[in-house]
Each structure stands twice: as C-alpha cells, then as structure tokens.
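One structure is given below, encoded as structure tokens.
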Amino acid sequence: WKSSGSIIPRLIIWNGSVNMIKKEPYRGIGLDKFNDNLVEQIRNKKIPPIKLDPLNPSAGFNHAHNQYLDIYAKTGIYGLIFFLLTMLIYFKIFYNSLAAKDHSLIFGILGITTILSYFAFMLTHVVFAHQQSTLFMLYTLTIFASIISNRINLEGSR
C-alpha cells in the first residue's frame, strides 16, 4: 500500500468479513476458510486486493482484525452469542462483587476493567487468533472470578 498505516487493509478485511457474514449468517464460513474467502472476494471484485501481489492478494490474512467480526464470520451468530454470553457471565460475577465490603470489591473492579479493556482492544485485534492474548485474558478473568467465588464461599460458611 502507498500508506504505511494499517487502517486501509483493515477496512478492506472488515468489508470482506461483513460479506462473509451476509453469506453465512447462521453457521459462519468455518474456522479455516477465512483467507480462502478473502481471496475469492478479491477475485470476484467484491473487495480490492489487500496486497498488490497477484500471487498473494489477501496478504495471507486468516482473521478479521476485529474479534467480533471474526467470530461472527467464522462461527455465525451462534458463535458470537456464545462468546458474548460467556463474557456477560464474567461481567455479572464482577459486577455483583461491587457491593462487597471486603477485597472482593477490588477484584470486581479489576475484572470489569479487564473486560472493558479487552472489549475495546478486540475492536482492532483478534485475541483468539493469538495464543498469548487468549491465555492472558482467560487466566486473568478466571483468577479474579475465583478469588471472588472463594470470598463468597468463605462468607457463606461463617
């Protein structure tokens, strides 16, 4: 590309992702078909080439650079709903702990901050396409939720 930024390729990929969602809104295109679908869209002139290389016009991208579009395009509406419900469960655990008068309050705030930070981060990044990002997010949320759960169990046994 003529510009050194990444916004133009991302906009093209996002447009391609929306096309995939329109094509398969319920089932998605599959976890391993993203790049093939981008190449097909480029050849059919639905989106411009991401890279000006006739041998690799999709630049080898295998994810949408947006977690929500990526999940929706690959797994359909059911995958997106499952992901959002999972995050909602974590959010509910953390939100309910905000009424606590002990250390659970701190971990509730940290948990909500983590979720909101990742939700913003996922607008331009696919966390689940990178093992380290996925593990860090899940470990952080699980540890905070476990501490809160342990505090609740200790309160209940008193």
Side-chain angles (χ1 to χ4, degrees), residues 1-98 106-146 148:
W1 281 98
K2 294 176 187 171
S3 68
S4 61
S6 65
I7 191 65
I8 300 297
R10 285 177 196 256
L11 291 172
I12 294 169
I13 294 168
W14 293 345
N15 189 26
S17 300
V18 170
N19 293 338
M20 292 176 211
I21 291 166
K22 288 177 183 176
K23 182 179 176 182
E24 290 287 343
Y26 301 108
R27 296 181 320 150
I29 60 162
L31 295 176
D32 60 345
K33 303 279 189 240
F34 192 86
N35 185 270
D36 295 338
N37 202 292
L38 279 180
V39 170
E40 179 184 321
Q41 289 185 54
I42 292 167
R43 287 194 180 127
N44 293 334
K45 302 202 183 310
K46 291 183 178 181
I47 59 172
I50 297 162
K51 187 175 180 183
L52 299 177
D53 177 0
L55 299 176
N56 188 16
S58 70
F61 284 112
N62 61 3
H63 58 272
H65 285 277
N66 176 306
Q67 187 66 66
Y68 313 105
L69 288 175
D70 195 68
I71 288 176
Y72 199 170
K74 291 178 180 177
T75 64
I77 190 69
Y78 303 115
L80 180 63
I81 288 171
F82 177 76
F83 165 69
L84 292 174
L85 284 176
T86 301
M87 297 308 287
L88 182 65
I89 290 168
Y90 274 114
F91 188 85
K92 188 171 178 356
I93 290 168
F94 299 135
Y95 183 78
N96 289 343
S97 73
L98 295 180
I106 295 167
F107 292 104
I109 292 170
L110 290 173
I112 288 174
T113 303
T114 301
I115 288 174
L116 294 178
S117 298
Y118 267 98
F119 266 41
F121 184 51
M122 288 178 187
L123 291 171
T124 60
H125 182 75
V126 178
V127 171
F128 296 144
H130 305 283
Q131 181 180 0
Q132 295 87 353
S133 298
T134 305
L135 290 174
F136 185 79
M137 180 186 78
L138 292 176
Y139 281 152
T140 303
L141 294 175
T142 302
I143 288 169
F144 292 158
S146 297
I148 291 168

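Residue numbers run from 1 in the order of the sequence given.
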task: Determine, stepwise, if the pair I106 / L110 fulfils side-chain contact (heavy atoms from CB on, under 4.5 Å).
output: CA-CA 6 Å; I106 295 167; L110 290 173; 4.0 Å; yes

- request: Would you confirm whether Y95, through its side chain, and I112, through its main-chain N or O, come within 3.5 Å as a donor-acceptor pair?
  value: no

Backbone N/O of V127 and side chain of Q67: donor-acceptor pair under 3.5 Å: yes

Spacing of T140 atom OG1 and L135 atom CG [to the nearest 0.5 Å]: 10.0 Å

Provide the closest heavy-atom pair for [X] versus [Y] in the form atom of the first, atom of the second, distance.
X: T75; Y: I71; answer: OG1-O, 2.6 Å
X: L38; Y: S58; answer: CB-CB, 4.1 Å
X: P49; Y: I12; answer: O-CD1, 3.9 Å

Worked check of side-chain contact (heavy atoms from CB on, under 4.5 Å) between H125 and Y118: CA-CA 9 Å; H125 182 75; Y118 267 98; over 6 Å; no

- request: Among residues two or more places apart or on two chains, list those pairs meeting salt bridge (Lys or Arg N to Asp or Glu O under 4.0 Å) that have a residue in residues 28-47.
  value: K23-E40

Stepwise side-chain contact (heavy atoms from CB on, under 4.5 Å) test for I13 and F34: CA-CA 10 Å; I13 294 168; F34 192 86; 3.9 Å; yes

Tell me, do [X] and [Y] make a side-chain contact under 4.5 Å, heavy atoms counted?
X: Y72; Y: F83; value: no
X: I93; Y: F144; value: no
X: M122; Y: D70; value: no
X: L11; Y: N15; value: no

task: Answer yes or no: does atom CZ of F82 have more than 12 heavy-atom neighbours from other residues, nucleotides or ligands under 6.0 Å?
output: no

